[in-house]
Peer 1: 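Dropping the structure in here first, questions after.
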Amino acid sequence: MDHPQIENERILDRYLVGQLSDEEEALFEEHLFACAECLEAVRWGEELRQGLRAVATEDAAKAAVAVGFWAWLRQRSSAQWAGALGFGITVVALGVVLVSTVLRQRAEIDHLRAAASAPPVEAPSGPSFDAPLGGLAVVALGTVRDAGGEPTEIRLDLDRKALLLSLELPTSTAERYQVTLSDAAGKVRWRGDDLEPTPYDTIPVVLPVSFLEPGEYQVEVRALGAPAEEPGLTMTFRVAGPP
Amino acid sequence: MTTLDPESAADLVARIVAGETAAETELIERCQGALRFLTRRYTRSEADAEDLYQETVMLALEKIRGGEVREPERLAGFLRGLAKNLGTQRYRRRSFSAETSVAVLPEPPDARRPDALGGLLHHERARLTRQILAELTVPRDREVLVRYYLAEEDSTRICDDLELTPEHFHRVLHRARQRYRRLYEERAPRTFGSVPG
């Protein structure tokens with residue numbers, strides 16, 4: 001084999017990609033013992049091919065890692081599939097619960113923060129009042145205790161937001177009561193209709209502290225549906241201002 | 001680089017048969033370039049190639065001393081044929097051994113990492129090749145090199161896609177290989193800096 005033949009028949013390029021016949025290959029390889037130029041050329045060609053193969057095998061290895069998990073799944077049995085599916089569902093469900101819990105707690109925190117930073121609730125000027133209350137002060141008022149004596153004095157702390165008046169009934173003959181709160185001038189400040197007594201024969205009435213200015217107050221309790229001759233109950237108390 | 005032309009081959013055979021030790025050394029110097037390249041090509045492994053090279057040289061000298069080379073001027077063909085046959089025998093022995101022993105032999109203890117150095121060199125070769133391919137300024141060079149030498153696509157198909165005549169394709173491939181080699185010689189570390197082989 002000589003150089004014109006190698007050049008004309010593209011022996012070198014065909015040799016590198018294995019496209020020579022056995023006879024051509026044997027003759028060309030025999031030629032390499034005698035030709036430094038061709039030997040140099042095939043060495044570089046082989047180095048080039050090895051470099052390209054190295055790149056290809058590395059890329060293939062990376063791709064194999066990516067699809068390896070799915071290949072692993074494909075090879076699993078039905079029971080293993082079911083187990084993997086159950087595990088996956090459990091993980092997803094736990095994730096959903098966790099996320100929803102976090103979101104709900106975050107919403108509650110935001111709500112509490114908004115409530116804490118909001119201005120205090122203005123006391124209603126009318127007799128009806130049903131705003132939410134907190135910082136409750138509890139005072140029991142009884143007809144027996146207050147009869148013929150000094151009215152109960154209530155000193156409200158500034159940090160109290162509401163006052164719970166527990167109106168004690170001597171007897172609980174009625175199922176519904178009407179409670180009227182009047183100030184010293186006789187002006188009705190609040191009235192509650194259709195109030196139900198507790199099992200302990202008391203009627204709880206909650207009033208905002210800001211609703212009670214210092215002074216005397218009178219509470220009248222009248223049983224609804226009772227005979228007209230049955231007298232109502234009257235209780236008095238006095239609100240002292242802050243020290 | 002010294003080579004082994006037909007005239008010098010016949011002379012070397014005669015001197016070796018005559019018992020001249022220096023002729024054996026000269027034979028090895030003249031043939032080792034091509035013979036190492038061929039054993040590397042036949043085995044696809046550096047370690048196996050070295051073993052095959054040593055085995056070929058030893059058997060060749062033994063046969064030359066014994067006067068078994070019938071056409072001394074075709075010593076190159078004799079050496080090439082010897083290496084090819086020995087390489088084929090090694091491959092068959094290895095295949096037979098793998099078929100018969102796989103069921104009884106335990107797995108090699110380090111089968112997952114058979115050759116750490118080889119892996120490192122492989123990675124370095126890939127890195128260098130990526131760099132050179134990226135630096136090739138003619139995009140067609142990359143396409144031609146990858147399609148012909150890696151994908152081993154038929155040259156006719158590449159010619160059709162790139163609208164090249166076969167003669168033009170041959171020149172394009174040659175120039176791409178030359179540009180790749182220039183960049184290789186500039187970028188390659190010492191490990192790959194010299195002509196491989």
Side-chain angles (χ1 to χ4, degrees), chain A residues 1-66 68-69 71-72, chain B residues 1-6 8-9 30-31 33-38 40-42 44 74-81 83-84 121-130 132-133 145-146 148-155 166-167 169-170 173-174 176-178 180-181 184-185 188 192 195-197:
Chain A
M1 186 172 283
D2 52 21
H3 279 157
Q5 181 189 1
I6 292 171
E7 189 72 21
N8 292 335
E9 298 178 13
R10 301 172 182 82
I11 296 293
L12 176 62
D13 287 334
R14 289 167 56 209
Y15 174 75
L16 288 172
V17 295
Q19 290 181 349
L20 294 182
S21 67
D22 289 345
E23 185 182 3
E24 285 176 322
E25 183 177 282
L27 289 173
F28 180 66
E29 289 183 341
E30 190 175 331
H31 171 77
L32 293 179
F33 281 88
C35 180
E37 183 184 347
C38 287
L39 180 59
E40 180 96 341
V42 292
R43 281 175 174 167
W44 277 106
E46 198 60 39
E47 175 61 31
L48 168 61
R49 277 171 56 84
Q50 287 182 19
L52 294 173
R53 282 200 203 103
V55 171
T57 52
E58 278 201 351
D59 291 348
K62 289 174 184 173
V65 170
F69 175 70
W72 177 84
Chain B
M1 179 187 295
T2 55
T3 56
L4 190 64
D5 57 80
S8 58
R30 286 179 177 271
C31 75
L35 197 54
R36 285 190 185 280
F37 170 78
L38 291 179
R40 177 73 180 79
R41 182 175 170 90
Y42 295 156
R44 307 283 182 193
R74 290 202 60 202
L75 182 59
F78 171 77
L79 293 172
R80 181 259 175 195
K84 183 95 172 175
L121 291 175
H122 183 272
H123 176 70
E124 181 59 24
R125 175 173 274 123
R127 185 200 62 76
L128 181 62
T129 304
R130 282 185 208 279
I132 295 173
L133 289 175
L145 292 175
V146 170
Y148 188 78
Y149 288 120
L150 179 62
E152 297 183 3
E153 284 189 44
D154 185 67
S155 58
E167 293 73 22
F169 170 74
H170 185 60
L173 190 62
H174 178 74
R177 203 167 55 230
Q178 292 299 101
Y180 181 93
R181 179 174 174 174
Y184 185 100
E185 290 174 332
F192 300 109
V195 176

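Per chain, numbering begins at 1; letters A, B, ... match sequence-line order. Heavy-atom basis, side chains included; hydrogens, waters and symmetry copies ignored.
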Peer 1: For Leu35(B), is it the side chain, the backbone, both, or neither that has a heavy atom closer than 4.5 Å to a heavy atom of chain A?
Peer 2: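 Both backbone and side chain.
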Peer 1: Below 4.5 Å from any heavy atom of chain B, which atoms of Glu37(A) appear? Answer side chain, backbone, both or neither.
Peer 2: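 Contact with chain B is absent: no heavy atom of Glu37(A) under 4.5 Å.
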Peer 1: Give, as side chain, backbone, both or neither, the part of Ile132(B) having an atom under 4.5 angstrom from any heavy atom of chain A.
Peer 2: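 Neither; nothing under 4.5 Å.
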Peer 1: Measure Cys35(A) against the heavy atoms of chain B and call it side chain, backbone, both or neither at under 4.5 Å.
Peer 2: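 Interface part for Cys35(A): backbone (N, CA, C, O).
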Peer 1: Is a side-chain donor-acceptor pair under 3.5 Å present for Tyr149(B) with Arg53(A)?
Peer 2: no
Peer 1: Which residue is it: Ile11(A), Leu12(A), Asp13(A)? I am looking for the one with a side-chain contact (heavy atoms from CB on, under 4.5 Å) to Glu9(A).
Peer 2: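 Checked Ile11(A), Leu12(A), Asp13(A) against Glu9(A); only one passes side-chain contact (heavy atoms from CB on, under 4.5 Å): Ile11(A).
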Peer 1: Considering only heavy atoms, which portion of Tyr148(B) lies under 4.5 Å from any heavy atom of chain A: side chain, backbone, both, or neither?
Peer 2: both
Peer 1: Please report whether the ring centroid of Trp44(A) lies less than 6.0 Å from that of Tyr180(B).
Peer 2: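 No; Trp44(A) has its ring centre 6.0 Å or more from that of Tyr180(B).
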Peer 1: Looking at Glu7(A), I'd like to know if its CD atom is crowded, meaning that more than 12 non-hydrogen atoms belonging to other residues, nucleotides or ligands lie closer than 6.0 Å.
Peer 2: no
Peer 1: Examine whether an atom of Leu150(B) lies under 4.5 Å from a heavy atom of chain A, and if so say whether it belongs to the side chain, the backbone or both; otherwise answer neither.
Peer 2: both
Peer 1: Val42(A), Thr57(A), Leu52(A): which one forms the most heavy-atom pairs within less than 4.5 Å of chain B?
Peer 2: Leu52(A)
Peer 1: With a 4.5 angstrom heavy-atom cut-off, which part of Gln19(A) approaches chain B: side chain, backbone, both or neither?
Peer 2: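 It is the side chain, since no backbone atom gets that close.
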Peer 1: Under 4.5 Å, counting heavy-atom pairs only, tell me which of Arg30(B), Glu152(B), Arg130(B) racks up the most with chain A.
Peer 2: Arg130(B)
Peer 1: Can a cation-pi geometry be assigned to Arg41(B) and Tyr15(A), taking NZ or CZ under 6.0 Å from the six-membered ring centre and within 45° of the ring axis?
Peer 2: yes
Peer 1: Do other residues, nucleotides or ligands put more than 12 heavy atoms under 6.0 Å from His174(B) NE2?
Peer 2: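 No - once you tally the heavy atoms of other residues, nucleotides and ligands closer than 6.0 Å, there are 12 at most.
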Peer 1: What option among Cys38(A), Ala41(A), Gly51(A) has the most heavy-atom pairs under 4.5 Å with chain B?
Peer 2: Gly51(A)
Peer 1: Decide if atom CG of Asn8(A) counts as having more than 12 heavy atoms of other residues, nucleotides or ligands within a radius under 6.0 Å.
Peer 2: yes
